2 protein chains.
Amino acid sequence: MQNALKNIFPAFSNELIATIEENGTLHDFEAGTILMRTGQYIKNTVLITRGKIKIYREGEDGGEFLMYYLQPGQACAISMICTSKSEKSQIMAKVVEDVSVMMIPLQMMDKWMMEHRSWYEFVIETYRSRFEEVLEVVDNIAFRSMDERLEFYLKRHSDACGCQEVKLSHQEIATELNTSREVVSRLLKKMEQRGLVKLNRNQIELLKLN
Amino acid sequence: MQNALKNIFPAFSNELIATIEENGTLHDFEAGTILMRTGQYIKNTVLITRGKIKIYREGEDGGEFLMYYLQPGQACAISMICTSKSEKSQIMAKVVEDVSVMMIPLQMMDKWMMEHRSWYEFVIETYRSRFEEVLEVVDNIAFRSMDERLEFYLKRHSDACGCQEVKLSHQEIATELNTSREVVSRLLKKMEQRGLVKLNRNQIELLKLN
DNA sequence: GAACTACAGTAACATTTATCACAGAAGGAA
DNA sequence: TTCCTTCTGTGATAAATGTTACTGTAGTTC
């Protein structure tokens with residue numbers, strides 16, 4: 001186990017790993033579970049050791065908007081930011097592939113920042129990379145049209161899974177981009193005509209993208 | 001001077017204030033100055049003691065998109081995040097009202113985090129509030145139409161200045177929302193017809209908003 | 001006052017995206 | 001097979017936003 005954590009978070013010092021083992025608790029959640037809702041209080045910082053979590057924003061009318069995915073070796077920046085004062089979550093977190101997460105009580109957060117250099121650096125880097133990712137999201141919706149955003153979305157997916165196939169229905173994609181299925185279908189069809197993708201049921205093969 | 005800083009950043013401990021005085025340098029910049037550009041390396045953390053700075057994202061085509069304003073008592077979260085590894089800035093920062101800023105060399109950042117509790121808390125709170133603000137921006141562009149975004153924009157301005165008048169031309173507003181002047185003019189006219197605002201040259205009075 | 005400039009209003013039109021309506025195809029279940 | 005459900009494709013239309021083009025108005029400068 002200790003080795004497992006060290007493999008997933010190689011930057012952590014051995015003492016830090018030991019401390020995490022001691023104070024954190026490991027939990028498994030199935031795909032579909034909602035780990036966090038808008039407005040909910042946060043009591044733990046979450047480190048992902050397996051699976052995939054989707055972080056998204058929910059509109060008043062129930063629409064969704066994907067911010068980013070969390071994968072093994074990463075942590076939820078929101079949970080880190082909010083824990084320090086037990087603030088409310090501003091986002092939704094949903095498990096998309098069965099996950100294992102290490103939950104760390106919020107009191108540890110401040111303590112470790114002072115005691116463990118590798119924790120401090122990890123936290124700062126988490127803030128930085130998430131902030132950057134959100135800025136990129138802003139760029140996309142502020143400056144790009146739906147066809148560009150769709151391309152970007154597909155690329156991001158294939159980067160994340162390391163393969164050339166995106167196994168999602170048009171409806172699922174539409175939901176994450178907060179648009180309608182028809183729009184996604186039409187744009188994908190155009191991309192297919194341009195030779196960028198090949199469409200199958202519940203699956204999109206990326207050809208010339210990347 | 002010591003008192004001045006203490007007034008603007010009341011949460012800072014006296015030792016911290018003294019350390020800032022010792023290591024930071026005070027600079028003045030006129031309205032219009034661009035303090036930071038996308039892609040530029042960051043060498044300092046910036047504390048605002050006077051004036052107003054606009055933080056925005058720039059599109060490839062030169063379009064802008066307002067993220068938020070920085071005012072006295074606040075710090076640039078981006079400069080804090082990036083300094084730790086001397087990363088590149090992802091945003092633009094432009095002075096909109098003559099400012100005085102305290103520049104703190106990046107090496108201090110990490111050091112003070114360990115040594116000064118009030119600095120640590122300030123930094124975490126800065127991260128949190130900016131992240132939240134950016135999430136709100138995402139909400140606005142993802143879920144709201146231009147008329148709602150315009151209302152929100154005007155409210156934010158009047159909150160910031162504490163008055164009921166927004167002294168901006170339609171063109172300036174259009175630029176910050178990344179739309180065209182004609183659209184802003186049209187929507188403002190409709191708002192005037194609904195009795196929400198009163199339009200004058202270079203000035204919009206908010207009536208029923210807030 | 002005349003000339004100039006920045007700002008504001010508005011009509012006409014183009015484009016993008018959303019919505020409605022429906023049809024057909026793929027796959028699973030009885 | 002037949003029935004059902006989910007997914008996909010596509011036309012027609014509506015709504016929101018962007019673009020072009022032109023007019024008028026307020027303030028400034030000469």
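The structure displayed is predicted, hence computed values, not measured ones. Lettering of chains follows the sequences in order, A, B, ..., and the numbering in each one begins at 1.
Salt bridge present: B/Glu133 and B/Arg156 bring a charged side-chain N and a carboxylate O closer than 4.0 Å.
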Please list each protein N or O that sits under 3.5 Å from an N or O in nucleotides 10-15 of chain D, with the distance.
none

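Using a 4.0 Å heavy-atom cutoff across all strands shown, B/Ser180 reaches at least one base atom of the nucleic acid. Heavy atoms of A/Asn202 sit under 4.0 angstrom from primed sugar atoms or phosphate atoms, though from no base atom.
In this structure, B/Arg201 places its CZ atom 13 Å from C1' of C/dG9, rounding to the nearest Å. If you measure from atom NZ of A/Lys167 to atom P of D/dT8, you get 13 Å, rounded to the nearest angstrom. Rounded to whole Å, atom C1' of C/dA18 lies 16 Å from atom CG of A/Leu150. The CG-C1' distance, from B/Asn178 to C/dT16, rounds to 15 Å in whole Å. Distance, B/Met191 CE to C/dG9 P: 13 Å, rounded to whole Å. Atom CG of B/Leu168 is separated from atom C1' of C/dA6 by 15 Å (rounded to the nearest Å). In this entry the distance linking CD of B/Glu192 with C1' of C/dA8 reads 11 Å, nearest Å. The nearest whole Å value for the distance from the CG atom in B/Asp61 to the C1' atom in D/dT19 is 15 Å.
Residues B/Tyr120 and A/Asp110 have side chains that bring a donor and an acceptor to within less than 3.5 angstrom of each other. With no hydrogens or angles considered, no side-chain donor-acceptor pair links A/Tyr56 and A/Glu176 at under 3.5 Å.
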Exercise for the section: Take A/Leu168 and A/His157 through the side chain to side chain contact (heavy atoms under 4.5 Å, CB included) test and state the conclusion after the steps. Expected result: CA-CA 10 Å; A/Leu168 292 169; A/His157 256 272; 3.7 Å; yes
Handout entry: Test log, rule side chain to side chain contact (heavy atoms under 4.5 Å, CB included), inputs A/Leu199 and A/Lys189
Key = CA-CA 8 Å; A/Leu199 302 180; A/Lys189 210 64 199 166; 4.2 Å; yes
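The cationic group of B/Lys52 lies under 6.0 Å from the six-membered ring centre of B/Tyr69 and within 45° of the ring axis, placing it in a cation-pi geometry. For the pair A/Arg144 and A/Phe152, the NZ or CZ position fails the cation-pi test of under 6.0 Å to the six-membered ring centre and within 45 degrees of the ring normal. For the pair A/Arg130 and B/Phe131, the cation-pi test (distance below 6.0 Å, angle within 45°) is failed.
The side chain of B/Thr179 contributes an N or O atom lying less than 4.0 Å from OP1 or OP2 of D/dG18. OP1 or OP2 of C/dG9 sits under 4.0 Å from a side-chain N or O of B/His170.
Ring to ring, B/Tyr127 and A/Tyr127 are close: their centroids are under 6.0 angstrom apart.
Each of C/dT19, C/dA8, D/dG9 was ranked by its minimum atom distance to the side chain of A/Leu199; first place goes to D/dG9.
The stretch residues 134-145 of chain A comes close to DNA chain C through A/Ser145, each having a heavy atom under 4.0 Å from the strand.
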